[in-house]
Amino acid sequence: MVQSDIRPSAVVAFSGRDRMVQAFRWMLLARLLDDKFTSLYRGGKIQGGVFLGRGQEALSAAVGLSLRSGDIFAPLIRDAAGRLAFGEPILDAVRTYLGSVLGPMRGRDGNVHRGRPREGLLVMLSHLGAMISVVNGMLLARRLKGQTGQVGATCLGDGGTSTGAFHEGLNQAAIEKLPLVLVIANNQYAYSTPNSRQFACRHLVDKAIGYGVDGHSVDGTDLEACMKVVGQAVSRARQGQGPQLVVAELLRLCGHGEHDDANYVSAQLKQAPVGRDCLKVAEAWLREHDWADDMALEGWRRQALDTIEVAVATVQREPAPDALKENWCTLASKHLSEGFHEIP
Amino acid sequence: MVQSDIRPSAVVAFSGRDRMVQAFRWMLLARLLDDKFTSLYRGGKIQGGVFLGRGQEALSAAVGLSLRSGDIFAPLIRDAAGRLAFGEPILDAVRTYLGSVLGPMRGRDGNVHRGRPREGLLVMLSHLGAMISVVNGMLLARRLKGQTGQVGATCLGDGGTSTGAFHEGLNQAAIEKLPLVLVIANNQYAYSTPNSRQFACRHLVDKAIGYGVDGHSVDGTDLEACMKVVGQAVSRARQGQGPQLVVAELLRLCGHGEHDDANYVSAQLKQAPVGRDCLKVAEAWLREHDWADDMALEGWRRQALDTIEVAVATVQREPAPDALKENWCTLASKHLSEGFHEIP
Amino acid sequence: MSITYLDAIREAQARALADDPRVLIYGQDVGAFGGAFKATKNLAQKFPGRVIDAPVSEDAMVGAAVGAAIEGMRPIIEIQFADFSTIAFNQIVNQAATLFWRTNVPCPITIRLPSGGTSGGGPFHSQSLETLYAHFPGLIVMTPATVEDAYSMLIEAVAIDDPVIFCEHKFLYYHLKAEKLPTEALPTGKARIARTGRDMTIVTYSAMLHEALAVAEELAAEGDEIEVVDLRSVKPLDTDTVMASVARTGRLLCVGESWPWGGVTAEVIARVASEGLALLDAPPQRINAKDTPVPFHPNLWAAHRPTAHNIAIAARKLLRM
Amino acid sequence: MSITYLDAIREAQARALADDPRVLIYGQDVGAFGGAFKATKNLAQKFPGRVIDAPVSEDAMVGAAVGAAIEGMRPIIEIQFADFSTIAFNQIVNQAATLFWRTNVPCPITIRLPSGGTSGGGPFHSQSLETLYAHFPGLIVMTPATVEDAYSMLIEAVAIDDPVIFCEHKFLYYHLKAEKLPTEALPTGKARIARTGRDMTIVTYSAMLHEALAVAEELAAEGDEIEVVDLRSVKPLDTDTVMASVARTGRLLCVGESWPWGGVTAEVIARVASEGLALLDAPPQRINAKDTPVPFHPNLWAAHRPTAHNIAIAARKLLRM
Ligand SMILES: Cc1ncc(C[n+]2csc(CCOP(=O)(O)OP(=O)(O)O)c2C)c(N)n1
Ligand SMILES: Cc1ncc(C[n+]2csc(CCOP(=O)(O)OP(=O)(O)O)c2C)c(N)n1
Ligand SMILES: [Mg+2]
Ligand SMILES: [Mg+2]
């Protein structure tokens, strides 16, 4: 495990005032956006599921903020904060959830399945683990093209580590020594399944050694720690140190989706340090450092709410997809599409 | 890694005279049987490929001998020695290679794809890694049925560790704390692909920690070491210590199959200790211990050759499968088979 | 009391567990939680140790089921959504489907695939994969369309000595209700005439049965009597019942929710054309989902899958041919 | 000089690498070793860094190809045997096949599947999986039957902006020879009349083309002229050419090496029956492999797959119908 070779100056760079405030504000925006989706969902305004990042915003924001333009990010279902920090327009989120035809997915896919691959923001497949090798392929292609200095980050849950795709993907990155940052949010459960039924190693970061990659572990409820550890992992990848596995311990402070009351989450875990709300922890930390006070916090909150309201109001006036205008063509090579001559 | 907690008495049990001689004789039989298949192949008497265990007999025999009746064994392509030691009739091998309809596969499958699942000897799928979870399921079923004290062993190559199936299977065994012994023959290559293009950890046994299972490493060219280490791993599994990962270092002393001249194998590796012929090492060891002399060795060799000649002569008189007698039915429930009313 | 299609699936599993100690259930979240759709609710409590939570490892789940089957057990695997069975694909089509043929050891496993589209499901929670599994030798593929069949076919699936792919349709889970569980049923491999008619045959299965029945009702008002055949299982596929119906009506429309290329509808038409060409008074027709992934948005989804609306158009046209 | 089908595949890759810097090859043992079948022999030496050895990780191989495609590359993936593509199944059908539809970013990858049976290959080195991939929306499925097509279609596959499943038949690798590489070719999606005739149409593809041609030759001696249509790609499937041929001959026999349920032959018959029923003077027939895994032993293998022998029996029977 690598956890000590960053100089004090680097620490400041990863978690200086501007960065911490920025991170906090993305966390806040993500939390409030998630709240908004929850209330839209309860109001029957959203088709399909709603998947929240509640309790995982610190880690996620740290990933998004540690990346630069030109980097690659393949977020997962609980990464609203990271997406925003990476630069995903909030309209993309709202349009995809509400099914606006103007969104990047044009109503073809929904909720957390959104992105802009050509801008480095990949669109997740539902199948857990399946994005890792895709990021690898992009990084490999860039190396072949002579593009350097860029990294690719992707997120996964504790449950996702049990997939064959996780293994093949991380091993592939290790063999090619790719600048991949694989961030595991160990939120203690995969849907209802606790860690004890998901893996048997003492700590998920123990897996790093079996791949020959650097492993980092971090308290996912602590924004400052996330900024440092994720920032350092990204730096190491960028410097050519090969894949980095980051494992954060935290707790999902919501159901698996908004349909789930999560009554299986153990009361003990909720009381434990891992059950802290990272947003509250970050707020307290900012206050402690005198980097935020009531007024500032209230201002950020207002601004975030405004941003959300504007986005939702905009999208609610936008057209839904129209089946008659759809081209119903799966191929880029339209001329090779089969005309299935169906009757109606 | 676990390598030291066996008492001297245990060491004797694993590699006492009888066991070592037994092991050596299985190795010898396997080597000579492989040689026979090679010459039959060259003579055009074998359809499809021939896959040899040359250089891997010590490890393989140790696995087969460490198991008891009632245990489960899922061998791979280079496990002629282990199969024989576990109790596979030599006729099964010869019949399957030569396509006798009397063999356990009835000509439906061939060469290394053979076994008797109901007797604990599984039939490998070509798809690497796919047998691990099958062994897990058998062990799980036995636990549910209240059968205890039995273990399941399966073998894999260095290449096989890159499969998703390896990961899902080993993790599954770890979660359930099953008495699985997973033996990796790191013969330095997967077909032509060297270790450096297959994994990036320092040693494959490093993977054990990421699954929370015991790891054992052993010099696969050294029969005594294999008997001890594999024997110990099997014992630990039997005693309820959960899955055991054994990694042996050795070199494939032949092509991937008999069609391959293996000219990609580095001269350096051939000269290195890993390139020793385990059969010669074992022979020397037996001589050193005065457990074998020229006469004994020659006698064992004769007996092995006789056994092989008898088996081959027998099988060569046996009928090949007859398409007209085949039932062409894939289902156990014959009444649910589709009659595809094809014309001829 | 009214029983939903989902209840029937749960009850069938409860009964299988109660009647046969060799039965066990393995799948993600199937234990204390009762499954993503609650199809195993309370079963872990009622049958301790026999309803087992799996890691997110579909390949290993099915592999383990094969192993358990070799040991004489009769495992039921719940895949959380049919779409995730692609991860277990190799174990299903190569390990499970070939085991008996290769080794003479039967492989009595049941793989439950919550299948088919629902509004807002999107491309990876909506797939109908019966075609894939029917194509491979060695698998039985069941596609129950009614509460009664969901119950009796699942019980039969567990009893069958071969791997059964049990495609249960998510759209029917809550919608479809019956008064009580059946006490008898058609055997696997027998299609059912869901409605008799003399002017045209619609052959279908799973959720599309209900669209077809709605069309039959609608067209009855116009004086056309449509016979509706519910295939129940797509492999084996009951060619005889289909052929007998076409012999009566002379017209065949096949409806399936999966993609068009090589789907159930192609197989049915190929059989009828090969073996019963003379029975046809008009060209056999088929309606399937469009040849794109299943879209998320309700507007698109409703146009992507066959519905009573476009089946009715096709049926009217075929009646005039 | 004579060029084999396998040479053609190698030459096509050499040409693609030479002509387009975006092309790369990734697969097990494809580098210095030149591939299990030597289909990439010398390419790693000639195009340093662009022919890359992969670990035994088919899922990650195809995933990486999709990633490279997003970055504008045009990767060719060699799967060692088609049968192992089941491990990459999810990445092929869900990631690659849907990428453009979901994101508007094309996915120009070519997946080479050494396909089909050879004597002694056995159940896991012999599969013909074109049906699986054709069923899923978003994939082009090529099944070249000649040296010329192996060459020109592979070049075209690499140029196409969509994922192409390139089913190259192992049985043809060494047997099939041509004098020179072609300089022009039919476009993808166009079937070819491999032999003209007026009494019956055999529609087929890949290795079965040669069995069909042998039958046509044999029956010509008996006075029956058989037209043979080589589909070349099974998706898109050139219905027009098939239909035009059946319009001329009135009789249709479809031959495929994959399993019968829902195979290419079912799709072809379904199309002809739906759209050209009136063209048929006799029931359309099909011949496929038997509905069991592909057997290892030559005696069984020869009876499992369609051959000129049983195609001829079927053809004679159909001619008399
Ligand atoms: C391969 C695969 N199998 C099953 C699922 C269904 N599924 C969706 S989310 C989930 C739990 C994931 O848990 P984890 O990886 O810990 O992420 P978390 O939801 O806790 O953030 C499962 C099983 C899936 N998406 N992919
Ligand atoms: C999933 C899968 N992919 C590819 C293959 C083709 N293949 C057969 S053996 C082999 C190399 C295996 O190497 P290793 O596991 O090291 O075993 P060894 O042959 O060295 O004993 C490959 C790639 C396969 N059998 N299974
Ligand atoms: Mg989790
Ligand atoms: Mg090896």
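This is a predicted model, so every value here is computed, not measured. Side-chain atoms are counted along with the backbone in the values below, which use heavy atoms only and exclude waters and symmetry mates. Residue numbering restarts at 1 for every chain, and letters A, B, ... go by the order of the sequence lines.
- The residue among B/Gly115, B/Ala332, B/Ser333 with the most heavy atom pairs within less than 4.5 Å of chain C is B/Ala332.
- Proximity to chain B involves both the backbone and the side chain of C/Leu237, based on heavy atoms less than 4.5 angstrom apart.
- Heavy-atom distances place the side chain of C/Gln91, and not its backbone, under 4.5 Å from chain B.
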C/Asp20 vs C/Arg22, salt bridge (charged side-chain N to carboxylate O under 4.0 Å, His left out): CA-CA, chis, key distance, verdict: CA-CA 5 Å; C/Asp20 188 341; C/Arg22 299 170 303 175; 2.8 Å; yes
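- Side-chain contact between B/Ile46 and B/Asn111 is absent, with no heavy-atom pair separated by less than 4.5 Å.
- Note: C/Asn90 leads C/Asn90, C/Val66, C/Asp161, C/Val105 in heavy-atom pairs under 4.5 Å with chain B.
- For B/Leu122, the part sitting under 4.5 Å from any heavy atom of chain C is the side chain, from C-beta outward, and nothing else.
- Counting non-hydrogen atoms of neighbouring residues, nucleotides and ligands closer than 6.0 angstrom, the NZ atom of B/Lys145 exceeds 12 such neighbours.
- Contacts of C/Asn104 with chain B are made by both backbone and side-chain atoms, with heavy-atom separations under 4.5 Å.
- C/Cys254 places none of its side-chain heavy atoms less than 4.5 Å from the side chain of C/Val264.
- The part of C/Ala97 that comes within reach of chain B is its backbone (N, CA, C, O), which places non-hydrogen atoms under 4.5 angstrom from that chain.
- One finds a salt bridge joining C/Glu168 and C/Arg112 here, because a Lys/Arg side-chain nitrogen approaches an Asp/Glu carboxylate oxygen to under 4.0 Å.
- Pairing each heavy atom of C/Arg102 with each of C/Asn94, the nearest pair is NH2-O, 4.2 Å.
- Shortest non-hydrogen contact noted between B/His256 and B/Phe51 is O-CD2, 3.3 Å.
- When each of B/Asn136, B/Leu140, B/Val123 is checked for heavy-atom pairs under 4.5 Å with chain C, B/Val123 comes out on top.
- Only the side chain of C/Arg271 has a heavy atom closer than 4.5 Å to any heavy atom of chain B.
- With a 4.5 Å cut-off on non-hydrogen atoms, B/Val135 does not touch chain C at all.
- Looking only at distances, no side-chain donor or acceptor of C/Asp59 sits under 3.5 Å from a matching main-chain atom of C/Ala88.
- The part of B/Pro104 that comes within reach of chain C is its backbone (N, CA, C, O), which places non-hydrogen atoms under 4.5 angstrom from that chain.
- Contact detail for B/Gly152 and B/Leu139: the closest heavy-atom pair is N-CD2, 3.7 Å.
- Across C/Ala65 and C/Ile109, no two heavy atoms sit closer than the pair O-CG2, 3.6 Å.
- For B/Leu331, the parts lying under 4.5 angstrom from a heavy atom of chain C are both the backbone and the side chain.
- Of residues 70-100 of chain B, no residue lies under 4.5 Å from chain C by any heavy-atom pair.
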Derivation of the ring-ring contact (aromatic ring centres under 6.0 Å, His included) call for C/Phe89 and C/Phe84: CA-CA 9 Å; C/Phe89 196 65; C/Phe84 301 131; over 10 Å; no
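- The shortest side-chain heavy-atom distance between B/Val213 and B/Gln244 does not fall under the 4.5 Å cut-off.
- Most heavy-atom pairs under 4.5 Å with chain C: of the set B/Met138, B/Arg108, B/Met131, B/Met105, this distinction falls to B/Arg108.
- Across C/Arg232 and C/Tyr205, no two heavy atoms sit closer than the pair N-CB, 4.5 Å.
- Both the backbone and the side chain of B/Leu336 come within contact range of chain C, judged by heavy atoms closer than 4.5 Å.
- Neither the backbone nor the side chain of B/Arg143 comes within contact range of chain C; no heavy atom of the residue lies under 4.5 Å from a heavy atom of that chain.
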